[in-house]
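I have placed the structure first, in the form of structure tokens, so that the comments after it can refer back to it.
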Amino acid sequence: MERTLILVKPDAIQRGLIGKIIERFERKGLKIIGMKMMSLDDAIVKEHYAHLADKPFFAGLSKFMRSSPIIALSIEGVEVVNAVRLLCGITKSRAAEAGSIRGDYAMSVSCNVVHASDSVENAEMEVKRFFREEELFSYEKSEYMHVYAEDER
Ligand code: DAT
Ligand code: MG
């Protein structure tokens, strides 16, 4: 079963969008297995955005991600990495599809309200980066069991 990492970014916290964003994942029928508020330090931002370290916008990105706490979520499910990326919409919010989270709530590339893991391999690393194993919960979610009953055969 896949697990993915979502971060509700500082701009969403400032704009009071925590509930609205989490609601999108619940509405889709996804199973949240971990959730916490945390402040990011320089080291975790560098590690998380290592692929962008050489970009001219990196200093701004780092400052932004440390400007207020974030909410980290882990979600588990069948093909959930791709499902969550689709819900979030593409990086460039202005071009993100209407109905996606970025499409509905953002006009900026740098302040695009959410992070979501972009591949199964990265998701595994990113969940471990933000959550200790004991912060992730194993439980039965009845609706979820129903939704995926066919898919898992
Ligand atoms: P995503 O967040 O969709 O996975 P990414 O991994 O390419 O996109 O970039 C990570 C974050 O860096 C992105 O959410 C916002 C910021 N960013 C990316 N490209 C940018 C740009 N051209 N200007 C400013 N910020 C950018
Ligand atoms: Mg990315």
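Remember, it's 1-based here, ligands and their atoms both numbered in the order they're listed. Bear in mind that the values here come from a model prediction, so they are computed numbers and not experimental data.
- Only the side chain of Leu61 comes within contact range of ligand 1, with a heavy atom under 4.0 Å; no backbone atom does.
- Atom 2 (O) of ligand 1 has its closest protein heavy atom at Arg102 NH2, 3.0 Å.
- At distances below 3.5 Å, at least one donor-acceptor pair connects side-chain atoms of Arg85 with backbone N or O atoms of Ala116.
- A salt bridge does not link Lys20 to Glu23: none of the charged nitrogens lies less than 4.0 Å from a carboxylate oxygen.
- No salt bridge links Glu76 with Arg3; every basic N to acidic carboxylate O contact stays at or beyond 4.0 Å.
- By the 4.0 Å heavy-atom criterion, His51 is counted among the residues contacting ligand 1.
- What sits closest to atom 3 (O) of ligand 1 on the protein, heavy atoms only, is Thr91 OG1, 2.5 Å.
- Listed by atom number, the atoms of ligand 1 under 4.0 Å from Tyr49 heavy atoms are 10 (C), 11 (C).
- At a 4.0 Å heavy-atom cut-off, ligand 1 touches Asn112 through the side chain alone.
- When heavy-atom distances to ligand 1 are checked against a 4.0 Å cut-off, Lys92 has no atom that comes that close, whether in backbone or side chain.
- Ligand 1 has an N or O atom lying under 3.5 Å from an N or O atom of Lys9, backbone or side chain.
- At least one N or O atom of Arg85, backbone or side chain, sits closer than 3.5 Å to an N or O atom of ligand 1.
- Protein heavy atom in closest approach to atom 15 (C) of ligand 1: Val109 O, 3.2 Å.
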Phe25 vs Ile101, test: side chain to side chain contact (heavy atoms under 4.5 Å, CB included). Steps then yes/no. CA-CA 10 Å; Phe25 302 115; Ile101 294 170; 3.6 Å; yes

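- Summarising the geometry of Glu2 relative to Val81, their closest heavy-atom pair is OE1-N, 3.0 Å, with the distance given to 0.1 Å.
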Ile70 and Met37: CA distance, side-chain angles, deciding distance, side chain to side chain contact (heavy atoms under 4.5 Å, CB included) verdict: CA-CA 6 Å; Ile70 55 100; Met37 181 175 257; over 6 Å; no

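- Side chain of Ser62 to backbone of Ala59: no donor-acceptor contact under 3.5 angstrom is found.
- Of the heavy atoms in Asp118, none comes closer than 4.0 Å to ligand 1.
- Using a 4.0 Å cut-off to heavy atoms of Ser110, the atoms of ligand 1 that qualify are 24 (C), 25 (N).
- Among protein heavy atoms, atom 19 (N) of ligand 1 sits closest to Phe57 CZ, 3.3 Å.
- In this structure, Lys36 is not positioned above the aromatic face of Phe130 in the sense of NZ or CZ being under 6.0 Å from the six-membered ring centre and within 45° of the axis.
- Protein heavy atom closest to atom 9 (O) of ligand 1, with residue, atom name and distance, is Leu52 CD1, 3.3 Å.
- No side-chain donor-acceptor contact under 3.5 Å links Ser93 to the backbone of Asn112.
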